[in-house]
Amino acid sequence: MNLKKFYDYLAFGISVLFSPYITAAIFILVIIYRYATNLSEFLPWLGIAFFFGLIIPGGNVLWLLEKKVLNDIHLSNHKQRKIPFIVTGISATIGAIALSLVGAAKQVVVMGTVYAVNTVMVALLTLFWKVSVHTALLSAIVTVMTILFGIQYGWFYLLLIPLAWSRIYRHRHTLNQVVGGALIAFVLTALVFWLFDYL
């Protein structure tokens, strides 16, 4: 295997490993598992978060793929991102409200709010800029973990380096887009925590 092919496989593997669908699912599961005190809390909170945060957005993308509106599941074409991201933003917002209405733990509601605020901002930015969802989501997740679980989780920010490289190497984003996504998500996530009196 030549070096270029190795880099191709490596960049693809990193992109898949940190796919927003995968990282969001793990993130939701970890936060709800940590703060639900019993199964009667865990299951409905998880159901709401998965339904509004993953199933509706993912189902919409699959439907648009079936209708040939989208070229691929990762929405690499900037012009095709508008509808999926708007649907995701609206769905995530409804999910955050639903978590609050069912009395989910404060940390779970904050998680839902962080997810909603970031997806709405990405949807708005998509109208004129192809921000990196991969780096934005990872940045938001690490920020949540650092605030809730402790500063020792801050080293996970280093994972943004190989992730950013993979997105640039595969010509999915520019340096400005991957850095911009990470910084915007960091600021918005910190702002949500500040509004919830964590900072």
Can you hop from [X] to [Y] via hydrophobic side chains spaced under 4.5 Å?
X: Val114; Y: Val187; result: yes
X: Val142; Y: Tyr21; result: yes
X: Ile151; Y: Val144; result: no
X: Leu160; Y: Phe156; result: yes
X: Trp165; Y: Ile161; result: no

>> For the CD1 atom on Ile86, are there more than 12 heavy atoms of other groups (residues, nucleotides or ligands in this structure) within a distance under 6.0 Å?
In response: yes
Search all heavy atoms of [X] against all heavy atoms of [Y] and return the closest pair with its distance.
X: Tyr157; Y: Thr146; result: CE1-OG1, 4.1 Å
X: Gly112; Y: Leu99; result: CA-CD1, 4.3 Å
X: Lys130; Y: Arg81; result: CG-NH1, 3.7 Å

> Pick one: which of Thr143, Thr113, Asn118 meets side chain to side chain donor-acceptor pair (under 3.5 Å) with Thr189?
Replying inline: Asn118
> In terms of side-chain heavy atoms, does Thr174 have a donor or acceptor partner in Asn176 at a distance below 3.5 Å?
Replying inline: no
>> Quick one: does any side-chain atom of Ser91 pair with a main-chain N or O of Val87 as donor and acceptor, under 3.5 Å?
In response: no
> So, the side chain of Lys106 versus the backbone of Phe196: is there a donor-acceptor pair under 3.5 Å, distance only?
Replying inline: yes
Check: residues 24-37 side-chain donor-acceptor pairs under 3.5 Å, at least two apart:
from, atom 1, to, atom 2, distance (Å)
Thr37, OG1, Glu41, OE1, 2.7
Thr37, OG1, Glu41, OE2, 3.4

Atom pair [atom1]/[atom2] of [X] and [Y] - distance to nearest 0.5 Å:
X: Tyr9; Y: Tyr7; atom1: OH; atom2: OH; result: 16.0 Å
X: Arg170; Y: Ile168; atom1: CZ; atom2: CD1; result: 13.0 Å
X: Met111; Y: Met145; atom1: CE; atom2: CE; result: 13.5 Å
X: Phe149; Y: Gln107; atom1: CZ; atom2: CD; result: 8.5 Å

Expected list for residues 42-70: side-chain donor-acceptor pairs under 3.5 angstrom, two or more places apart:
none

> Taking the side chain as C-beta and beyond, is there a heavy-atom pair between Phe193 and Leu148 under 4.5 Å?
Replying inline: yes
> Quick one: are Asp8 and Tyr169 in side-chain contact, heavy atoms under 4.5 Å?
Replying inline: yes
If you look only at distance, which donor and acceptor atoms sit under 3.5 Å apart when one is on a side chain in residues 133-141 and the other is two or more places apart or in another chain?
from, atom 1, to, atom 2, distance (Å)
His134, ND1, Arg167, NE, 3.4
His134, NE2, Ser15, O, 3.3
Thr135, OG1, Ser132, O, 3.4
Thr135, OG1, Ser132, OG, 3.1
Thr135, OG1, Val178, O, 2.8
Ser139, OG, Ala182, O, 2.7

